[in-house]
Asker: 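Encoded as structure tokens, here's the structure I'll be asking about.
A note on names: the letters A, B, ... follow the listed sequences, proteins ahead of strands, and every chain is numbered from 1.
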Protein chains: 2
Amino acid sequence: MDATARPEPAARSGTRVAKAPRVPSRANTTQTIYRTLRADIIAMRRTPGEPIVEKHLAESYGVSRTPVREALLRLSDDGLIEIFPQSGTFVARIPMNALPEAVVIRTALEGTAVRHAAQRATRSQVAVLRANLMLQQEMDAAGDFDGFHEADEQFHSLIAEIAGYPGLWGLAQQVKVHVDRYRRLTLPAPGRIAQVIAQHTAVADAIAERDPVLAEQRMSAHLDELLSAIPNTQGANPFYFTGAEMAPATKNS
Amino acid sequence: MDATARPEPAARSGTRVAKAPRVPSRANTTQTIYRTLRADIIAMRRTPGEPIVEKHLAESYGVSRTPVREALLRLSDDGLIEIFPQSGTFVARIPMNALPEAVVIRTALEGTAVRHAAQRATRSQVAVLRANLMLQQEMDAAGDFDGFHEADEQFHSLIAEIAGYPGLWGLAQQVKVHVDRYRRLTLPAPGRIAQVIAQHTAVADAIAERDPVLAEQRMSAHLDELLSAIPNTQGANPFYFTGAEMAPATKNS
DNA sequence: CATGACACACTAGTATACAAGTGTGCAAGA
DNA sequence: TCTTGCACACTTGTATACTAGTGTGTCATG
């Protein structure tokens, strides 16, 4: 009953070499399963509406249901799966009516990021941005779509980092998952990537010129194209979509 | 092995009255524990650094460790507790260096919300806002601090709702938890609440006048005061704070 | 043949048991 | 007195067993 007397484990053993992780960690098994499933869902390797069974996953990973369940609960919080108690668990369908809000939120977040980035960017940071733009062009030239997508994400991540608010990009990532899933379904229109790179370059130029207003305008214009492309493949694909459901962050209420 | 053939449970029994929840639900026990603990932590009824033991919680709630553990995992994702495997779980200390970013993010989100609200607000919606302002004044006059805080939150929630982006406020709530915890520690300076109400009124007026730019300016000014008040009680309180740690949304990487 | 009730197989939710570490405290030795 | 090593009590992580509810298929019944 004297548990309250202990201050914290990290503050122990003053001189001992801290081999243990000083940051709070998470069970490795759960995290692995979570990341794998999340990647599968976003990459559409698991299709919307597809059932997910804890027992099967547990067997395929060679672990018990417990870590699988913990991973599924996180995915449920992210809005990527839907758990119906005593019934079943399914890959979430894409909530079409939540996509505009997601784009607006992302624009708000990244607009702020790029504005601050344009105020604070050093020359070396601008150089890193330019290097990333070159990488994007190389990936496009090589036809490596996944590689371009990765470089694209890194571009946006770099801007948040330059702004001094790296957590901002984490939030944006969290918000844009359904939009990403939707875009997986639409064909990469010919010349689209080159256009995106041009927009990225324009943003980077505005940052280099220390013009926060222009940078934010260009970023907003870039991201708004996500919105205009939304009702595009609606007819082409079947029942992967739904009109109901809330944004993932609405778990409190 | 014909599991993939089943489309979805919600689509069953065409004519049967849908007594079951059509939306994916969450286990009741876990949710109750989660909400209680979350409220306790934000309200500083559980102090930063304080140990949390799954077994004790399970006994006090009269349930097993499993639902307790699930609630704790969610809180860990929120950044409200820190789990050290095989060692212990503790209420998260307030990450001081993450607070400015949280305020910036909240400002970005709510600035966007109020801008859209000013463009779309109907007369009745403005009236609801005004009613809420009156409620705030009543709470202040009655000295009901918690009541005012609740009305305050509702004011911001209403704006997001008017903007047509209710999920935006959910995100803002998620981001501002640590700032809220911090502000619990600082005394409510005399006359502060009246000042806040005045700022709220100014925002509402700008919305009523359909002036998006002015509304966003006033909201930004309102929220920026959170930032200026940050290094205020630093000396007054002990070791509730830390300089490390990341924003809660950085769980992917 | 249509319809309804009902049982059964399957799901997730919960409880319990066990495993794998961690940190404290004590005791033996220099 | 200080250091060092070890053992034990305690934590969370994982596995397994059991509970509770759902949906489907089947079979009796009109």
Side-chain angles (χ1 to χ4, degrees), chain A residues 1-22 24-34 50-59 61-76 81-91, chain B residues 1-22 24-34 50-59 61-76 81-91:
Chain A
M1 290 305 181
D2 57 347
T4 60
R6 184 158 28 120
E8 172 109 355
R12 50 64 188 248
S13 68
T15 57
R16 201 56 161 285
V17 55
K19 69 163 185 179
R22 297 173 46 83
S25 137
R26 185 164 206 115
N28 211 345
T29 309
T30 296
Q31 200 159 355
T32 300
I33 298 171
Y34 169 77
E50 176 183 329
I52 292 181
V53 182
E54 293 180 359
K55 186 183 165 192
H56 297 169
L57 281 176
E59 287 170 355
Y61 279 97
V63 296
S64 78
R65 273 181 55 204
T66 307
V68 170
R69 183 173 173 74
E70 291 176 356
L72 291 182
L73 288 172
R74 282 181 77 181
L75 290 170
S76 173
I81 67 174
E82 296 180 343
I83 301 176
F84 297 84
Q86 271 80 31
S87 174
T89 301
F90 305 86
V91 175
Chain B
M1 295 312 172
D2 56 349
T4 59
R6 183 160 29 120
E8 172 108 357
R12 49 63 188 250
S13 69
T15 57
R16 199 58 161 285
V17 55
K19 71 163 186 181
R22 298 173 44 85
S25 138
R26 184 162 207 117
N28 211 344
T29 310
T30 296
Q31 200 159 354
T32 300
I33 298 172
Y34 169 78
E50 177 182 329
I52 292 181
V53 181
E54 291 180 0
K55 186 183 165 192
H56 297 169
L57 281 176
E59 287 171 354
Y61 279 98
V63 297
S64 78
R65 272 180 56 204
T66 307
V68 171
R69 182 172 175 75
E70 291 177 357
L72 291 182
L73 288 172
R74 281 182 78 181
L75 290 170
S76 173
I81 66 174
E82 296 180 343
I83 301 176
F84 297 84
Q86 272 79 30
S87 174
T89 301
F90 305 87
V91 176

Asker: Rounding to an integer number of Å, can you tell me how far A/L73 CG sits from C/dA12 P?
Answerer: 11 Å
Asker: Hey, could you give me the CG/CD1 distance between A/L73 and A/I83, rounded to the nearest 0.5 Å?
Answerer: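 Atom-to-atom, A/L73:CG and A/I83:CD1 are 5.0 Å apart.
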Asker: Within this structure, what is the CZ-to-P distance between B/R69 and D/dA15, rounded to whole angstrom?
Answerer: 12 Å
Asker: Rounding to a whole Å, what distance do you find between A/I33:CD1 and D/dG13:P?
Answerer: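 Nearest whole value for this atom pair: 14 Å.
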Asker: I need the minimum non-hydrogen distance between B/T29 and B/P67, along with the two atoms involved.
Answerer: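 Shortest heavy-atom separation between B/T29 and B/P67 comes out as CG2-CB, 3.9 Å.
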Asker: Could you check A/R74, A/E70, A/R69 and say which one makes a side chain to side chain donor-acceptor pair (under 3.5 Å) with A/T30?
Answerer: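 When side chain to side chain donor-acceptor pair (under 3.5 Å) is applied between A/T30 and each of A/R74, A/E70, A/R69, only A/E70 qualifies.
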Asker: Measuring only between side-chain heavy atoms, which start at C-beta, is B/L75 closer than 4.5 Å to B/I52?
Answerer: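 No, their side chains stay 4.5 Å or more apart.
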Asker: Identify the two heavy atoms, one from A/L72 and one from A/E54, that lie closest to each other, and give their separation to 0.1 Å.
Answerer: CD1-CG, 3.4 Å
Asker: May I ask you to say what A/I52 touches in the nucleic acid, namely base, sugar-phosphate or nothing, with a heavy-atom cut-off under 4.0 Å?
Answerer: sugar-phosphate
Asker: Looking only at non-hydrogen atoms, find the nearest pair between A/Y34 and A/A71 and report the distance.
Answerer: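 Heavy atoms only, the tightest pair is N-CB, 3.7 Å.
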Asker: Quick one: B/K55 NZ to D/dT12 C1', roughly how many Å, whole number?
Answerer: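 After rounding, the reported distance stands at 13 Å.
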Asker: Please report, rounded to the nearest Å, how far the P atom of C/dA12 is from the CD atom of A/E70.
Answerer: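 From A/E70 CD to C/dA12 P: 15 Å.
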Asker: To the nearest Å, give me how far apart CD (B/Q31) and C1' (C/dT14) are.
Answerer: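 Distance, rounded to whole Å: 16 Å.
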Asker: Rounded at 0.5 Å granularity, tell me how far CD1 in B/I81 sits from CD in B/E50.
Answerer: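 Between atom CD1 of B/I81 and atom CD of B/E50 there are 11.5 Å.
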Asker: Test for a donor-acceptor pair under 3.5 Å between the base of C/dA12 and the side chain of A/T89, counting only N and O atoms.
Answerer: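 Side chain to base: no pair present.
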Asker: What is the separation between atom CD on B/E82 and atom P on D/dT12, rounded to the nearest whole Å?
Answerer: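 In whole Å, D/dT12 P and B/E82 CD are 14 Å from each other.
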Asker: I want to verify a distance call: between C/dT14, C/dA12, D/dA15, whose nearest atom is closest to the A/I83 side chain?
Answerer: C/dA12
Asker: Just to confirm, is there a sub-4.0 Å distance from OP1 or OP2 of D/dG13 to any side-chain nitrogen or oxygen of A/T29?
Answerer: no
Asker: Between atom CD in A/E54 and atom C1' in D/dT14, what is the gap in whole Å?
Answerer: 14 Å
Asker: Convert the base pairs of DNA chain C into dot-bracket notation, remembering that pairs crossing earlier ones are written with [ ] and that bases paired across to another strand are shown as |; include only Watson-Crick or G-U pairs under 3.5 Å.
Answerer: ||||||||||||||||||||||||||||||
Asker: Check the interface with nucleotides 17-21 of chain D: list each N/O to N/O pair with the protein under 3.5 Å, or write none.
Answerer:
none

Asker: Any side-chain to backbone donor/acceptor pair from B/T32 onto B/N28? Under 3.5 Å, distance only.
Answerer: yes
